[in-house]
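Structure first, commentary second.
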Amino acid sequence: MATILRKIAEQLLSRTAFSNRAMDRARDAVVDTIGCMIAGSSDQSVAALIRAFDGEISQDGEARLVTGGSASPSLAALINATAAHALDFDDNFHPARAHASAVLVPALLAVLTSGKVTSGRRFLEAYLAGLEAQAAVGFGVNPSHYNRGWHATATVGSIGAAAGVARLLGADEERLVAAMSLATSFACGPKGQFGTTAKPLHAGIAARHAVDAARMAMAGMSGRPDILERPQGFLDLFGGDDAKGWQGLTFEEEHVIESRGVVTKRHPCCASTHRAIDALLDLKQEHGLLEGDIARIETKVGISAARNLAYANPADEMQARFSMQYCLATAFLKGSLSLSDFTWQEIERPEIREFMPCIEMQSYSTEEEKGVERLPHVVTVTTRDGRILSKSRLHAKGSLEAPMSVQEREVKFMDCLRWGNRNVSEASFLQLLGLADFENLSGDDPFWNLITGRQSP
């Protein structure tokens with residue numbers, strides 16, 4: 001009987017053609033991740049990595065850094081993926097319960113080393129392979145794995161991304177299996193680190209491990225092909241109490257990016273806040289609500305979401321991204337959330353702090369969640385004149401069910417460029433939209449000059 005990793009590898013290698021819709025969505029995800037990577041390039045988490053590995057960064061390394069300079073593929077993946085996830089503005093992928101693209105895109109970029117050329121289309125195909133692998137690995141362990149406290153970005157994400165990198169490097173079935181098996185040995189990342197700089201580091205570690213595992217596999221290193229399902233394997237150790245395993249795993253003709261999509265983030269904060277933010281903004285617009293109208297705001301969210309949002313009274317900008325109270329208060333008072341709302345100065349605004357105590361959060365019970373993949377997040381507003389207004393959202397803005405328009409994605413990309421101190425022009429966004437047509441994508445390509453270029457002082 002074929003092992004799960006072999007089943008995944010066979011699927012990835014058998015899928016040799018992709019629809020235009022799949023390619024377009026892959027391109028959009030890559031462009032969005034590049035924007036997030038640029039925006040996060042000067043974050044404190046990235047700055048710490050640059051200081052830590054200063055002696056290994058140069059102008060003539062193998063792989064390019066979003067911060068400028070270059071390094072080994074392993075270190076480039078670590079730094080660039082940390083940047084991609086630093087501001088929590090990067091996409092979510094529900095089948096893996098992971099920030100799939102923040103791991104996968106920097107890992108793929110890291111093996112575009114100087115002198116090694118691929119096409120934009122082949123790059124996107126490797127992205128789609130890595131995404132499908134993440135979904136397949138996640139199928140057997142989530143949501144139990146995630147609810148147990150594992151940051152699936154750093155576990156499931158790394159294993160799947162290793163497959164994508166191996167695919168880009170030209171791996172056969174044996175090397176694809178080996179890459180994923182080795183990445184399983186690197187799996188790590190507790191969700192207890194949320195609200196600290198270790199959280200974006202998880203994406204960096206995952207990308208680094210994906211690159212290392214794929215390169216080791218291509219060089220002949222291997223692990224057990226049944227490491228996902230065997231005793232003392234991934235499911236056994238990481239699955240949690242309710243993991244179902246892979247017995248029901250099937251692959252559809254339609255790629256998972258077509259059937260499930262990735263969720264492009266509208267707000268630069270933990271995705272656990274997004275449906276509540278969208279619901280509150282819906283209520284504000286529908287009923288013309290003002291600050292003085294509000295007596296109380298109550299939210300009901302999933303158990304894992306409530307656990308993620310551990311900071312009712314955030315002390316810094318990272319904690320604020322994981323605070324339902326801060327995110328809802330800011331979104332309501334300003335009408336939106338932007339990168340500029342998550343700075344030390346902004347989180348201490350008196351009007352925000354005075355509004356936050358009226359916001360309460362509770363979660364569904366274990367019984368309510370049992371056997372249900374996804375429940376809506378609900379916001380209930382009680383007004384000072386006694387009205388009770390309620391709104392539920394099953395899907396956040398940016399999901400397949402509520403997609404962002406091209407214009408909205410461009411606005412977000414430009415915001416990321418500004419935050420990353422890059423030249424802001426529509427041309428850069430349009431250039432990246434043509435990624436599938438790039439013939440010579442490499443570490444020396446003008447494509448990288450777009451990513452690393454900075455404004456003149």
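Only a predicted model underlies this, so the values are computations on that prediction, with no experimental measurement involved.
Closest non-hydrogen pair, P376 versus Y364, comes out as O-OH, 2.5 Å. The shortest heavy-atom contact between Y127 and A29 is OH-CB, 3.2 Å. Across all their heavy atoms, L417 and S428 have their closest contact at CD1-OG, 3.5 Å. Minimum heavy-atom separation, A162 to A213: CB-CB, 4.3 Å.
Residues E373 and R260 are paired through a salt bridge, judged by an N-O separation under 4.0 Å between the basic side chain and the carboxylate. A salt bridge links D278 with R266; the closest basic N to acidic carboxylate O contact falls under 4.0 Å. Here E408 pairs with K397 in a salt bridge; the nearest charged N to carboxylate O distance falls below 4.0 Å. Remark: D88 engages K199 in a salt bridge, criterion side-chain N to carboxylate O under 4.0 Å. Classification of E173 and R6 as a salt-bridged pair holds, one side-chain N sitting under 4.0 Å from a carboxylate O.
Using a distance-only test at 3.5 Å, with no hydrogens or angles considered, no donor-acceptor pair links the side chain of D226 to the main chain of R230. Here the side chain of K300 pairs no donor or acceptor atom with the backbone of S392 at under 3.5 angstrom. Of the possible polar contacts, one joining the K265 side chain to the C269 backbone as a donor-acceptor pair under 3.5 Å is found. Judged purely by atom type and a 3.5 angstrom limit, E369 uses its side chain to pair as donor or acceptor with the backbone of I303. Under a 3.5 Å cut-off, the side chain of T380 and the backbone N or O of S390 do not form any donor-acceptor pair. With hydrogens and angles ignored, the 3.5 Å screen pairs no side-chain donor or acceptor of R393 with any backbone N or O of V378. In this structure, the side chain of H395 does not engage the main chain of E401 through any donor-acceptor pair within 3.5 Å. Here the side chain of S41 pairs a donor or acceptor atom with the backbone of I38 at under 3.5 angstrom. Of the possible polar contacts, none joining the T330 side chain to the D341 backbone as a donor-acceptor pair under 3.5 Å is found. At distances below 3.5 Å, at least one donor-acceptor pair connects side-chain atoms of T153 with backbone N or O atoms of H99.
Atoms CZ and CZ, from R122 and R167 in turn, are 8.0 Å apart once rounded to the nearest 0.5 Å. Considering CZ of R275 and NE2 of H377, their distance stands at 3.5 Å, rounded to 0.5 Å. Distance CZ/R215 to CE/M218: 11.0 Å, rounded to 0.5 Å. To the nearest 0.5 Å, atom CD1 of residue I297 and atom CE of residue M361 are 13.5 Å apart. Here CD1 of I359 is found 9.0 Å from CE of M324. Values are rounded to the nearest 0.5 Å.
F194 and H151 have their aromatic ring centers within a separation under 6.0 angstrom. The aromatic ring centres of F322 and Y311 sit 6.0 Å or more apart. Under the 6.0 Å cut-off for aromatic ring centres, F342 and Y326 qualify, their centroids lying closer than that.
The number of heavy atoms from other shown groups lying within 6.0 Å of CZ (R15) is above 12. The environment of CD in Q285 is sparse: at most 12 heavy-atom neighbours from other residues, nucleotides or ligands sit within 6.0 Å. For M221, the CE atom counts as loosely surrounded, since its 6.0 Å shell holds 12 or fewer non-hydrogen atoms of other residues, nucleotides or ligands.
Residues M23 and L128 have side chains in contact (heavy-atom distance under 4.5 Å, counting atoms from C-beta outward).
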Requested in this report: Start with the C-alpha distance between R21 and E254, add both sets of side-chain angles, then the distance that settles salt bridge (charged side-chain N to carboxylate O under 4.0 Å, His left out), and finish with yes or no.
Outcome: CA-CA 10 Å; R21 181 168 62 174; E254 188 178 51; 2.7 Å; yes
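A side chain to side chain donor-acceptor pair (under 3.5 Å) check over residues 175-194, counting only residues at least two apart or in different chains, returns the pairs K191-N308.
Side-chain atoms of S70 and R64 include no donor-acceptor pair closer than 3.5 Å. Side-chain contact of E229 with T3: a donor-acceptor pair under 3.5 Å is absent, judged by distance alone.
With L389 as reference, L283 is the one residue of D282, L280, L283 to meet the side chain to side chain contact (heavy atoms under 4.5 Å, CB included) rule.
In this structure F186 satisfies the ring pair (Phe, Tyr, Trp, His ring centres under 6.0 Å) test together with H209, sequence neighbours excluded.
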